[in-house]
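In what follows, every heavy atom counts, from backbone to side chain, and hydrogens, waters and symmetry copies are set aside. To find a chain, count down the sequence lines: A is the first, B the second, and so on, and within it residues start at 1.
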2 protein chains.
Amino acid sequence: MTNSVKSIFGQLGNFGQRIRELRENKGILLRQMAASLEIDTAIMSKFERGERKPNREQVKRIARFLKTDKNELLTLWLADKVQYIISEEMSLAEEALEIVKRNIKDETRTHTD
Amino acid sequence: MTNSVKSIFGQLGNFGQRIRELRENKGILLRQMAASLEIDTAIMSKFERGERKPNREQVKRIARFLKTDKNELLTLWLADKVQYIISEEMSLAEEALEIVKRNIKDETRTHTD
DNA sequence: CTTACATTTGACAAATTCTGTCAAGTCAAT
DNA sequence: ATTGACTTGACAGAATTTGTCAAATGTAAG
């Protein structure tokens, strides 16, 4: 995931938001859940914040651990994937910023030279 | 793109189908278009048959070459991407076939041993 | 059938992206 | 200032994607 896309669009994905909610309602710690699923705590944290995408198997295991509907989580996870590739294409803003950045750099070079 | 997904789902994507149509209507050869765009002929062929996905820049250049609406092609191309990741998840059929394949292999091994 | 030309296919290495691991960082409560 | 929970960033190895090329296939004409 490019940084620019990450920063312009949204933080927590549908999936991450939901599993964090489920976990917290059960009073389970992130690191406990991570340990129980044999997933690194850092990765688990990133899943919940939508910074990384789990794979199909991980989604299923997470659903089983949280005793929740597997299909609900798979659907949210798939929605995230679609949402991501679509938002990647709303890159006009990114392109504009790139141009500005290039121009600024040229400006500074001109002045200091 | 995994072979299984490629074989179950559809051949020519929306994008490839459209550009082939546009190209043929203009009576241009695939290799001519490829050469003019400095894209390998093999790759161009794969784009048209949906076997590989061009990147954003290539789509824009193709649109310019074909003198057609850039946004139309970008939209078709994005539709292909979405369609692909969704179809990837309809993998029940694939999984079933995998199991059958494994079982058949076991069967044959048992008989020939 | 064999030549000529257009397209397709498959294999490959180089480039890029994704993944898990880890150490160091923040933050809140004590 | 210490502890505990979570977050962040860097990294190497794995996996996927990319362009290139040669060989294969298809097709029309002589």
Side-chain angles (χ1 to χ4, degrees), chain A residues 1-7 10-13 15-17 19-62 65-66 77-78 80-81 84-85 87-89 91 94, chain B residues 1-7 10-13 15-17 19-62 77-78 80-81 84-85 87-89 91 94:
Chain A
M1 199 186 296
T2 60
N3 269 339
S4 38
V5 171
K6 220 188 331 183
S7 55
Q11 345 304 8
L12 317 151
F15 172 78
Q17 214 161 350
I19 63 172
R20 169 155 292 183
E21 184 186 338
L22 287 164
R23 174 177 66 76
E24 288 181 339
N25 284 347
K26 288 177 188 290
I28 300 168
L29 294 178
L30 190 148
R31 69 180 173 74
Q32 290 174 333
M33 174 158 150
S36 170
L37 291 167
E38 290 179 331
I39 291 172
D40 187 273
T41 306
I43 302 262
M44 196 68 234
S45 167
K46 286 168 190 177
F47 286 166
E48 289 197 345
R49 286 171 302 104
E51 195 182 320
R52 286 219 189 162
K53 293 185 302 185
N55 62 35
R56 199 173 214 288
E57 287 315 307
Q58 288 169 326
V59 174
K60 288 200 242 176
R61 289 199 287 134
I62 290 169
F65 175 81
L66 291 171
W77 165 72
L78 182 53
D80 282 345
K81 293 217 280 184
Y84 172 60
I85 73 162
S87 67
E88 255 186 328
E89 292 317 315
S91 41
E94 290 177 50
Chain B
M1 199 185 296
T2 61
N3 270 341
S4 38
V5 170
K6 220 190 325 185
S7 56
Q11 348 305 3
L12 318 151
F15 172 78
Q17 216 162 347
I19 64 171
R20 168 155 294 184
E21 186 186 339
L22 288 165
R23 175 176 65 76
E24 289 180 340
N25 284 347
K26 288 175 187 291
I28 301 169
L29 295 177
L30 190 147
R31 69 178 174 74
Q32 291 174 331
M33 174 159 150
S36 170
L37 290 167
E38 291 180 330
I39 291 174
D40 187 275
T41 306
I43 302 261
M44 197 67 233
S45 167
K46 285 168 191 178
F47 285 166
E48 289 197 347
R49 287 170 303 102
E51 195 183 320
R52 285 219 189 162
K53 293 184 307 185
N55 62 37
R56 197 174 215 290
E57 286 316 308
Q58 288 168 326
V59 174
K60 288 200 243 174
R61 288 200 287 135
I62 290 169
W77 164 72
L78 182 53
D80 283 345
K81 294 217 282 182
Y84 171 60
I85 73 161
S87 68
E88 257 186 329
E89 291 318 316
S91 42
E94 290 177 50

Trainee: How many angstroms lie between CD1 in B:Ile28 and CZ in B:Arg23, if you round to the nearest 0.5 Å?
Mentor: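 So the CD1 of B:Ile28 and the CZ of B:Arg23 are separated by 8.0 Å.
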
Trainee: If I compare all heavy atoms of B:Pro54 with all of B:Trp77, which pair ends up nearest, and what's the gap?
Mentor: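 The answer is O-NE1, 2.9 Å.
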
Trainee: Could you go through the salt bridge (charged side-chain N to carboxylate O under 4.0 Å, His left out) check for B:Arg61 and B:Glu38 one step at a time?
Mentor: CA-CA 10 Å; B:Arg61 288 200 287 135; B:Glu38 291 180 330; 5.3 Å; no

Trainee: What is the per-nucleotide protein-contact pattern of nucleotides 3-10 of chain D, from the 5' end, where B denotes a base atom under 4.0 Å from a protein heavy atom, S denotes such proximity for sugar-phosphate atoms only, and - denotes neither?
Mentor: --SSBBB-

Trainee: Tell me: CD1 of B:Ile39 to P of D:dT20, nearest whole Å?
Mentor: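 Going from B:Ile39 (CD1) to D:dT20 (P), I get 10 Å.
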
Trainee: Can you tell me how far CD of B:Gln32 sits from CE of B:Met44, rounded to the nearest 0.5 angstrom?
Mentor: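 So the gap between those two atoms works out to 12.5 Å.
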
Trainee: Can you tell me how far the CD atom of A:Gln17 sits from the CG atom of A:Asp80, to the nearest 0.5 Å?
Mentor: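 The CD atom of A:Gln17 sits 9.5 Å away from the CG atom of A:Asp80.
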
Trainee: Distance check needed: D:dC21 P versus B:Glu38 CD, whole Å only.
Mentor: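 Distance, rounded to whole Å: 13 Å.
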
Trainee: How long is the span from the CG atom in B:Leu30 to the CD atom in B:Glu24, to the nearest 0.5 Å?
Mentor: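 Output value for this atom pair is 9.0 Å.
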
Trainee: Can you give me the bend angle of the helix from C:dC1-D:dG30 to C:dT30-D:dA1? Use the axis through the first five pairs and the one through the last five, nearest 10 degrees.
Mentor: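 Roughly 30° between the end axes, to the nearest 10°.
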
Trainee: Pick base, sugar-phosphate or nothing for B:Gln58, based on heavy-atom distances below 4.0 Å to the nucleic acid.
Mentor: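 Contact class for B:Gln58: sugar-phosphate only.
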
Trainee: If I take atom CZ in residue B:Phe47 and atom P in nucleotide D:dT17, what distance separates them, rounded to the nearest angstrom?
Mentor: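 So the two atoms are 13 Å apart, to the nearest Å.
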
Trainee: Are A:Leu37 and A:Gln58 side-chain neighbours, meaning at least one heavy-atom pair lies under 4.5 Å?
Mentor: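 Answer no - side chains too far apart.
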
Trainee: Between atom NZ in B:Lys81 and atom P in D:dT17, what is the gap in whole Å?
Mentor: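 Atom-to-atom, B:Lys81 to D:dT17, this comes out as 12 Å.
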
Trainee: Take atom CD1 of B:Ile85 and atom P of D:dT17, then tell me their distance rounded to the nearest Å.
Mentor: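 Checked: the CD1 to P distance equals 13 Å.
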
Trainee: Taking the side chain as C-beta and beyond, is there a heavy-atom pair between B:Phe15 and B:Lys53 under 4.5 Å?
Mentor: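 The answer is no, as the side chains (C-beta and beyond) never meet within the 4.5 Å cut-off.
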
Trainee: What is the distance, to the nearest angstrom, from the NZ atom on B:Lys53 to the P atom on C:dT17?
Mentor: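 Answer to the nearest Å: 13 Å.
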
